[in-house]
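Comments concern the structure below.
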Amino acid sequence: MFEAKLQQGVIFKKIVDAIKDLVKSVNIDASTSGLSMQAMDSAHVALVSLKLNENGFKDYRCDRPITLGLSIENLSKILKCAGNDDTITLQTDEEEPSSLKFFFENQQASKISEFSLNLMSLDSESLGIPDTDYSSVIQMSSAEFSRICKELSSISETVEIETSKESVKFSVQGDIGAGSITVKNNQSDKDVDRVDLQIDQPVKLTFALRYLNMFNKAVSLSSTVSLNMSEENPLMVEYKIDDLGSLRFYLAPKISD
Amino acid sequence: QMSQKNMTDYFKAK
């Protein structure tokens with residue numbers, strides 16, 4: 001028996017919205033400790049990693065580990081039928097399920113929707129994310145990071161991110177010209193202004209803005225985002241989801257030929 | 001000119 005009930009179903013809707021342009025089909029692994037998912041995009045330059053802890057669910061039960069192979073597009077179609085205030089319950093009784101049941105219930109418990117999504121058998125890539133001590137960690141407003149990426153992507157396809165002890169600089173060079181936005185360390189009480197820099201070693205790395213803009217679809221999951229960088233390692237962009245877990249995106253840096 | 005590294009090997013090397 002597997003059952004997971006989310007009090008705020010809208011979070012699950014937001015997660016699926018945030019990853020659906022990046023990955024088409026995924027294996028979600030359910031275990032006693034919660035749900036996890038890892039998948040690379042088709043170009044194999046980005047990786048999505050989702051972890052949802054059992055404690056974050058209203059009810060959670062998973063008697064034995066199971067793998068749920070899902071089409072994200074089809075999952076998204078079913079989740080469109082859930083209201084933003086609904087609870088969402090995932091359920092299956094089978095050991096090797098061929099479908100996953102969904103129950104959506106509104107706050108008054110006056111409307112209950114039930115769907116089943118056919119599952120797919122997907123080759124699971126055995127991906128492992130190496131433990132990395134990032135030499136530059138930036139925590140800032142997710143909306144602000146999203147705005148910077150969106151603005152700069154009209155000038156260039158790539159952005160160079162350079163850290164120093166005091167600031168982080170986002171630079172672009174394009175056919176029409178060049179520019180940069182520098183954000184300084186700021187210990188404001190307001191989330192929207194706060195910028196936390198933990199810089200052991202400054203880094204200078206270049207990334208494709210197209211991917212960063214896709215990651216930023218997760219902006220509504222968290223008011224802050226953390227950018228974790230080390231030379232020659234993929235960038236790790238993390239959105240923490242309150243008590244529930246985290247959604248992480250990894251992106252390979254652009255390298256000079 | 002810049003290129004993007006395929007990350008398959010990186011993430012497979014546990």
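This is a predicted model, so every value here is computed, not measured. Below, chains carry the letters A, B, ... as their sequence lines are ordered, and counting in each starts from 1.
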| message | With a 6.0 Å cut-off on the ring centroids, do A/Tyr250 and B/Phe11 count as close? | response | yes

| task | Write out, in numerical order, the residues from residues 14-21 of chain A with a heavy atom short of 4.5 Å from a heavy atom in chain B. | result | none

| remark: Checking heavy-atom separations under 4.5 Å from chain B, one finds in residues 225-243 of chain A A/Asn233, A/Pro234

| task | Using the side-chain hydrogen bond (donor to acceptor under 3.5 Å, both in side chains) rule, collect all pairs that involve residues 42-57 of chain A, keeping only residues at least two apart or in two chains. | result | A/His44-A/Glu125

| task | Could you please state which residues from residues 131-165 of chain A sit under 4.5 angstrom from chain B, measuring non-hydrogen atom to non-hydrogen atom, sorted by number, or 'none'? | result | A/Thr132

